[in-house]
Q: 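Sending over a structure as structure tokens; questions will come in a sec.
Here, residue 1 is the first one in the sequence, and each next residue gets the next number. The figures here come from the full heavy-atom set of this structure, side chains too, leaving out hydrogens, waters and symmetry mates.
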Amino acid sequence: MLSFRTGFVKVSSAFRGKPFSILLGGLMLLLLSLTCLAPAQASAAEPTEYTVTGKVLAKGQDNFTLKRPNSTTPATLRVNAQTQYYQGTKPVSFSAMQVGMEISVVIRWQAQGNFYLALRVYLPAAPDQGGCARPYVSSPLSAQVAAKTPNSFTVTWSNNETSKISFLVTSATKFSYKGEPASFASMYVGEQIRFVVQSCGDGKYYVREVNLL
């Protein structure tokens with residue numbers, strides 16, 4: 001209590017004799033600075049998704065180990081009941097993943113548990129499903145819809161550059177809006193979207209999922 005009272009007297013004496021308007025102005029500036037800091041802290045805490053690729057080295061009950069290219073340290077990734085698995089365009093389960101497979105995984109860091117969680121796992125397509133053995137799956141992309149055709153669309157990126165690539169929509173493409181199912185027909189030109197694409201290196205980009213914003 002002594003140190004608090006001493007500090008209070010020093011601060012009070014520093015403002016003694018100052019006009020009330022100066023004191024009020026200082027208080028308002030302090031409140032404004034605190035208000036401006038809050039959104040920045042909340043934004044910094046938002047989790048980010050990443051895409052990694054590699055070979056499955058081992059499987060556990062709720063995790064698997066991935067050997068990534070150009071890395072000597074294997075990564076252990078967790079899975080849970082919400083983790084989604086795809087083989088080609090077909091939804092599958094964790095049991096379909098086999099040691100030795102080359103896969104792509106969309107992951108997110110879980111700060112509370114200090115581990116990476118696998119959100120979506122893309123396994124190589126089976127021979128009778130078409131596709132490629134090692135598909136490239138992008139991280140979520142953000143853009144504005146520039147144009148649409150019956151089975152594709154182009155986008156404008158944040159730097160106002162319009163993509164020269166037509167992103168192909170198939171019956172397996174999933175659309176959502178605020179967590180609810182949506183459709184390609186409900187997506188309009190000029191709309192902001194986040195989407196994930198897959199490519200086999202043949203110049204074609206198939207859309208896996210689209211989140212309408």
Side-chain angles (χ1 to χ4, degrees), residues 39 42-43 45-53 77 79-97 101-110 116-213:
S43 177
E46 293 179 357
T48 303
E49 296 181 4
Y50 306 92
T51 297
V52 295
T53 60
L77 308 176
V79 299
N80 61 17
Q82 282 69 51
T83 303
Q84 299 175 337
Y85 306 87
Y86 298 93
Q87 188 165 33
T89 59
K90 178 184 177 182
V92 293
S93 64
F94 184 51
S95 61
M97 183 194 304
M101 277 186 172
E102 297 279 354
I103 66 173
S104 294
V105 191
V106 178
I107 61 175
R108 183 171 61 206
W109 176 249
Q110 303 296 108
Y116 280 104
L117 175 66
L119 304 178
R120 295 177 294 279
V121 180
Y122 298 98
L123 310 179
D128 60 346
Q129 293 176 333
C132 50
R134 296 185 61 182
Y136 163 77
V137 181
S138 74
S139 296
L141 307 171
S142 296
Q144 184 181 57
V145 180
K148 286 179 64 179
T149 71
N151 61 356
S152 68
F153 62 88
T154 57
V155 299
T156 299
W157 305 112
S158 58
N159 61 358
N160 292 324
E161 180 180 346
T162 299
S163 168
K164 296 180 181 179
I165 299 173
S166 291
F167 297 103
L168 303 176
V169 176
T170 70
S171 59
T173 305
K174 292 186 176 182
F175 291 84
S176 64
Y177 175 69
K178 294 184 177 180
E180 298 295 328
S183 65
F184 185 41
S186 64
M187 187 178 79
Y188 58 87
V189 173
E191 185 169 17
Q192 294 290 335
I193 62 173
R194 295 187 79 222
F195 62 107
V196 174
V197 300
Q198 173 180 315
S199 175
C200 291
D202 58 357
K204 296 180 180 180
Y205 292 86
Y206 294 91
V207 184
R208 282 284 191 178
E209 56 192 76
V210 182
N211 183 17
L212 309 179
L213 304 177

Q: Answer yes when Glu49 and Arg120 have at least one side-chain N-carboxylate O distance shorter than 4.0 Å, and no when they do not.
A: yes

Q: Tyr122 pairs by side chain to side chain contact (heavy atoms under 4.5 Å, CB included) with which of Gln87, Arg208, Gln84?
A: Arg208

Q: Do Lys174 and Val210 come within less than 4.5 Å of each other through their side chains, counting heavy atoms only?
A: no

Q: So which atom in Leu213 and which in Arg194 form the shortest heavy-atom distance, rounded to 0.1 Å?
A: CD1-CG, 3.8 Å

Q: Which heavy-atom pair separates Ala118 from Ile107 by the least distance, and what is that distance?
A: CA-CG2, 4.2 Å

Q: Under the criterion side chain to side chain contact (heavy atoms under 4.5 Å, CB included), which of Val137, Val207, Leu141 is the partner of Val196?
A: Val137

Q: Mark yes or no for whether Thr51, through its side chain, and Ser138, through its backbone, hold a donor-acceptor pair below 3.5 Å.
A: yes

Q: Is there side-chain contact between Ser186 and Leu212, with at least one heavy-atom pair below 4.5 Å?
A: yes

Q: Side-chain atoms of residues 145-152: list all donor-acceptor pairs with protein atoms under 3.5 Å, sequence neighbours left out, distances to 0.1 Å.
A:
unit_1, atom_1, unit_2, atom_2, d
Lys148, NZ, Phe184, O, 2.8
Lys148, NZ, Met187, O, 2.7
Thr149, OG1, Asn151, N, 3.4
Thr149, OG1, Asn151, OD1, 3.3
Thr149, OG1, Ser152, N, 3.0
Thr149, OG1, Ser152, O, 3.4
Thr149, OG1, Ser152, OG, 2.6

Q: Working to the nearest 0.5 angstrom, can you tell me the gap between Leu168 CG and Tyr205 OH?
A: 11.0 Å

Q: Does any part of the side chain of Gln144, heavy atoms only, come nearer than 4.5 Å to the side chain of Val155, both counted from C-beta?
A: no

Q: Over 60° means perpendicular and under 30° means parallel, so classify the ring planes of Tyr85 and Phe94, tilted if in between.
A: tilted

Q: For the backbone of Phe153 and the side chain of Ser166, can you confirm whether one donor and one acceptor N or O come within less than 3.5 Å of each other?
A: no

Q: Could you grab the distance from atom CG of Leu119 to atom CG of Leu77, nearest 0.5 Å is fine?
A: 10.5 Å

Q: Between the main-chain N or O of Tyr188 and the side-chain N or O of Glu191, is there a donor-acceptor pair closer than 3.5 Å?
A: yes

Q: Do Leu117 and Asn80 make a side-chain contact, defined as non-hydrogen atoms from C-beta onward lying under 4.5 Å apart?
A: yes

Q: Please report the C-alpha distance between Ser163 and Trp157 in whole Å, then the side-chain angles of each, then the deciding distance to 0.1 Å, and finally whether the side-chain contact (heavy atoms from CB on, under 4.5 Å) criterion is met.
A: CA-CA 7 Å; Ser163 168; Trp157 305 112; 3.7 Å; yes

